[in-house]
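Lettering follows sequence order; numbering is per chain, from 1.
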Amino acid sequence: MALEIVLLVKRFRPELSKEPFYQEYQIPYTEDMVVLDALNYINDEVDSTLAHRWSCRMGICGSCGAMINGTPRLACATFLRQLTRGIVEVEPLDHFPVIKDLVVDMEDFMQKLAEVMPWLIREKIKPLDRGEYFQTPGQIRLYGQQSMCINCLICYSACPVYGLDSEFLGPAAIALAYRYNMDSRDQGREKRLSRLVGKSGVWDCTYVGECSVVCPKDVDPAGAIQRLKFPGSLHVLKTLLPRL
Amino acid sequence: MVPDRTSALFWSLFAGGAFVVALLLPVHILLFHFGSTLGILEEDPLAYDALITWLASPLVKLYIIILIGGSLFHGAHRFKYVLFDWGMTRAYRSVGLLLYAIAILGTLAALYVAFLGP
Amino acid sequence: MTEKKTATYVQKMPASWWLRNPRYLAYMLRELSSIFILVYILTFLVQILLLRDRNAYDAFLAIVESPFFVAFTAVAFAFAVYHGVTWWGLTSKVLQISFRGKTVPPALVLLGAIMMWAVVSFLVYLLLFRGV
Ligand code: SF4
Ligand code: FES
């Protein structure tokens with residue numbers, strides 16, 4: 001007996017209408033299917049006009065994020081059998097401008113990501129032949145969790161602050177700033193802090209905490225942001241003192 | 001980037017205040033308002049004479065300054081962000097300044113009561 | 001990039017967003033505690049300011065002891081406790097205290113915070129209120 005499942009997909013086709021609409025798809029179901037399999041099946045067999053992003057199918061590339069039954073999740077890491085409701089609702093990630101169907105515009109995040117300088121900053125770069133920068137396991141542990149981010153933007157969709165005011169730097173970008181600030185090889189701490197304590201930085205976060213709940217890679221953006229507020233206020237204090 | 005000094009300052013006061021509120025406000029309300037009803041305290045601390053004597057103690061003076069100042073700065077900052085959460089994403093900043101002003105004046109009033117008497 | 005932006009749409013967040021899941025609701029209740037804390041502490045402040053005039057104080061006390069206000073005070077107490085519980089819970093996760101090169105588990109920090117809370121509450125009773 002062939003089992004079936006119904007997907008309700010929020011669609012947006014700017015060439016047809018300015019308004020988004022919902023479309024139902026009934027497709028064959030097997031127990032080992034993830035939401036991404038269902039979307040790919042629709043795209044291959046039922047309706048090739050449905051647009052969605054994906055690449056790795058294994059929670060690494062971060063491109064398949066969507067609202068699944070109202071919660072932001074990776075489509076490739078969400079089994080249909082985990083979802084309790086009869087109909088599976090798939091919508092584009094919240095808070096982002098939708099380009100087409102499930103494809104959202106990530107430009108805003110890309111810009112913010114660059115602002116926090118998520119790379120190692122050195123005052124003087126050691127020539128390659130002088131060897132690598134060593135770290136102890138303990139030093140790696142300080143930032144390891146926050147370095148798992150795959151830029152899927154699921155945390156942004158869960159963040160009401162970003163939803164209300166998209167100027168907010170947001171969870172993943174600040175978590176990455178924290179990741180580099182905690183890296184023993186890095187010397188750009190104050191530079192990043194000076195961005196974080198500015199407009200729409202860490203002070204806008206009210207610790208809703210949902211970003212850390214939904215993150216598929218177990219990054220803790222909410223914790224990282226709170227941990228930056230105290231060094232942030234010290235940084236601000238330093239800007240008030242006369243330079244020595 | 002220009003540091004947002006106002007937010008940094010009031011966040012620090014908020015965090016300190018949140019600690020004070022968490023630590024002291026529950027026990028304060030419990031004893032001050034329900035202590036005698038529940039039989040924990042022999043006398044009603046709300047009675048005029050009792051309150052006057054109570055406030056004369058230096059330790060109590062310090063206590064009410066910390067409790068009132070902490071609660072005000074904590075509450076003002078958090079309520080400002082409640083307004084944001086309710087969708088006042090622009091107005092919350094100016095209303096916030098008003099709330100901070102209330103917190104400052106209230107703290108001054110507490111200092112006044114403590115040092116110059118009611 | 002040369003790519004031309006086509007028409008896009010953004011979903012507006014409904015004012016009722018915090019009803020969407022129980023965690024948002026718990027967050028909103030935590031934040032709403034600020035209203036009760038503000039109103040309570042301002043009445044307390046007014047009350048001690050009015051001590052300068054016995055009649056005014058007694059009139060105000062009648063309000064403070066009215067059933068409606070006692071009910072409000074009880075709710076404010078509940079919110080103060082809720083704030084306390086959430087505050088210790090969050091700070092214990094954020095703090096990352098290390099001991100001998102290892103991070104102390106947040107649950108243990110929380111336990112310590114709750115114990116300190118109990119001790120301080122008892123000290124407040126002992127040093128500030130018992131003499132009343
Ligand atoms: S922090 Fe988590 S949810 Fe946010 S972008 Fe990175 S991996 Fe995705
Ligand atoms: S397809 Fe790569 S993370 Fe889902």
Check this for me: [X], atom [atom1], are more than 12 non-hydrogen atoms of other residues, nucleotides or ligands nearer than 6.0 Å?
| X | atom1 | result |
| --- | --- | --- |
| A:F230 | CZ | no |
| A:Q111 | CD | no |
| A:M148 | CE | no |
| A:K10 | NZ | yes |

Legend entry - Atom group of A:T239 that falls short of 4.5 Å from chain B, counting heavy atoms: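 Backbone plus side chain of A:T239, per the 4.5 Å heavy-atom cut-off to chain B.
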Inset, instruction - Below 4.5 Å from any heavy atom of chain B, which atoms of A:V161 appear? Answer side chain, backbone, both or neither. - result: both
Inset, instruction - Return the set of residues passing salt bridge (charged side-chain N to carboxylate O under 4.0 Å, His left out) with A:K199 (not counting sequence neighbours), or none when no residue passes. - result: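 So A:K199 forms a salt bridge (charged side-chain N to carboxylate O under 4.0 Å, His left out) with A:E167.
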Legend entry - side chain to side chain contact (heavy atoms under 4.5 Å, CB included) partners of B:Y63, counting only residues at least two apart: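 B:Y63 satisfies side chain to side chain contact (heavy atoms under 4.5 Å, CB included) with B:L24, B:H28, B:W54, B:L67, C:V124, C:L128, C:F129 once adjacent residues are dropped.
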Inset, instruction - Could you list which of residues 80-89 of chain B have a heavy atom closer than 4.5 Å to any heavy atom of chain A, in residue-number order? - result: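 Near chain A, by residue number: B:Y81, B:F84, B:D85, B:G87, B:T89.
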Inset, instruction - Enumerate by number any residue of residues 4-23 of chain B whose heavy atoms lie under 4.5 Å from heavy atoms of chain A; in the absence of such residues, state 'none'. - result: B:D4, B:R5, B:S7, B:A8, B:W11, B:S12
Inset, instruction - Enter the distance from A:L164:CG to B:R90:CZ here, rounded to the nearest 0.5 Å. - result: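 The CZ atom of B:R90 is 10.5 Å from CG of A:L164, to the nearest 0.5 Å.
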